[in-house]
Amino acid sequence: MQIMINEIRRWMKEAGKNIKESLKSEEMKVSTKTDRKDLVTNIDKQTQAYLIEQIIAFDPDAKILGEESGKDKLQDLSGRVFIIDPIDGTMNFVLEHENFCIMIGVYEDGQGVLGFVYDVMREKFLWGGRDIGVYLNEERVKAPTDLSLDQGLLGINASMYRLNSSNAQKMGERAMGVRMSGCAGLELIAMALGTRVGYVSNLAPWDYAAGGVLIEALGMKMSNINGESLKIDGREWFMAGTPTAYDEMLRLSKQA
Ligand code: IPD
Ligand code: CA
Ligand code: CA
């Protein structure tokens, strides 16, 4: 386990270094996927290709689920699965050159075992798992206080808030304020560090796999918007929170 942790951290640091370099030197090639706001760049693709190469060299039997380049479907979750988002927050990456992260989640037979979320520009690397605890760079992260929804900030996906999906506006009203970072990984890092009481969004497995392992290891709850287990297959309405905030969010989503 320790060898795998060290290796994954090494690959992600290297990928982060390459991303920073390419921001300085390379012209970014941006293309669209499903619509004009769904972006992918040559750097997303290069980063995923690099991470996949490392994973295959390290564990040729493992399965890989990644956002880009045709690795976005799995037959099943048996065995070891690496779930990769090479750049989470691509829109921020393209337009802000910050507020994005690299993420890898490791699952064994459908259970999240390890999570790694690297905020490249701030050099904040959050990693860990249920059995080993959670670390920010080299420092152990303490479980955040179980604040209620009205005691903290709530991360919300912008269109979900605008359309009031699942009563998102009520959730926002209850909270001290809402935040929309455009990066699921950063929202989950913020939850792990106690600066958000919850997060609601519409997410694919690579958006929540890594951060989800970390927040659950810290005693927080996550599920689909109806309180059911996430399927790790396709996009779903996603909800996470401190135990108290989560229960309140679930109650509000059921009133929608
Ligand atoms: C997106 C971001 C965003 C979330 C979207 C994701 P991407 O990931 O995490 O915050 O609202 O649903 O698709 O496409 O930038 O990797
Ligand atoms: Ca993503
Ligand atoms: Ca991505």
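Remember, it's 1-based here, ligands and their atoms both numbered in the order they're listed. Numbers here simply count residues along the sequence, with the first being 1.
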Below 3.5 Å, N or O to N or O, backbone or side chain included: is there any such pair between [X] and ligand 1?
X	result
Asp38	no
Cys183	yes
Gly89	yes

Review point. Counting heavy atoms only, which of Asp88, Leu39, Asp44 comes nearest to atom 2 (C) of ligand 1?
Key: Asp88

Study note, to complete from the structure: Heavy-atom proximity to atom 4 (C) of ligand 1, picking from Leu203, Asp207, Val94, points to Leu203

**Study point:** Arg235 near ligand 1 by a heavy-atom separation under 4.0 Å
**Key:** yes

Review point. Going by heavy atoms, is Ile87 under 4.0 Å from ligand 1?
Key: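 Judged by the 4.0 Å heavy-atom criterion, Ile87 does count as contacting ligand 1.
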
Show which atoms of ligand 1 fall inside a sub-4.0 Å distance from at least one heavy-atom site of [X].
X	result
Asn202	12 (O)
Asp85	16 (O)
Gly182	2 (C), 3 (C), 10 (O)
Thr90	15 (O)
Ser201	11 (O)

Practice item. Return the name of the atom in Asp85, of element N, O or S, nearest to the Ca ion (ligand 3). Key: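 Looking only at N, O and S atoms of Asp85, the one nearest the Ca ion (ligand 3) is named OD1.
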
**Study point:** Minimum-distance N/O/S atom that Glu67 presents toward the Ca ion (ligand 3)
**Key:** OE1

How are the rings of [X] and [Y] set relative to one another: parallel (under 30°), tilted (30 to 60°) or perpendicular (over 60°)?
X	Y	result
Trp127	Phe116	parallel
Phe100	Phe93	perpendicular
Tyr208	Phe238	parallel

**Study point:** Side-chain donor-acceptor pair present, Glu21, Asn18, cut-off under 3.5 Å
**Key:**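 The criterion, which ignores hydrogens and geometry beyond distance, is not satisfied for Asn18 and Glu21.
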
Exercise for review: Please find out if the Ca ion (ligand 2) and some N, O or S atom of Asp207 are separated by less than 3.0 Å.
Suggested key: yes

Point to revise | Which atom of Met220 lies closest to which atom of Pro243, heavy atoms considered | key: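 Shortest heavy-atom separation between Met220 and Pro243 comes out as CA-CD, 4.4 Å.
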
Point to revise | Arg9 with Glu14: basic N within carboxylate O range, under 4.0 Å | key: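 No.
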
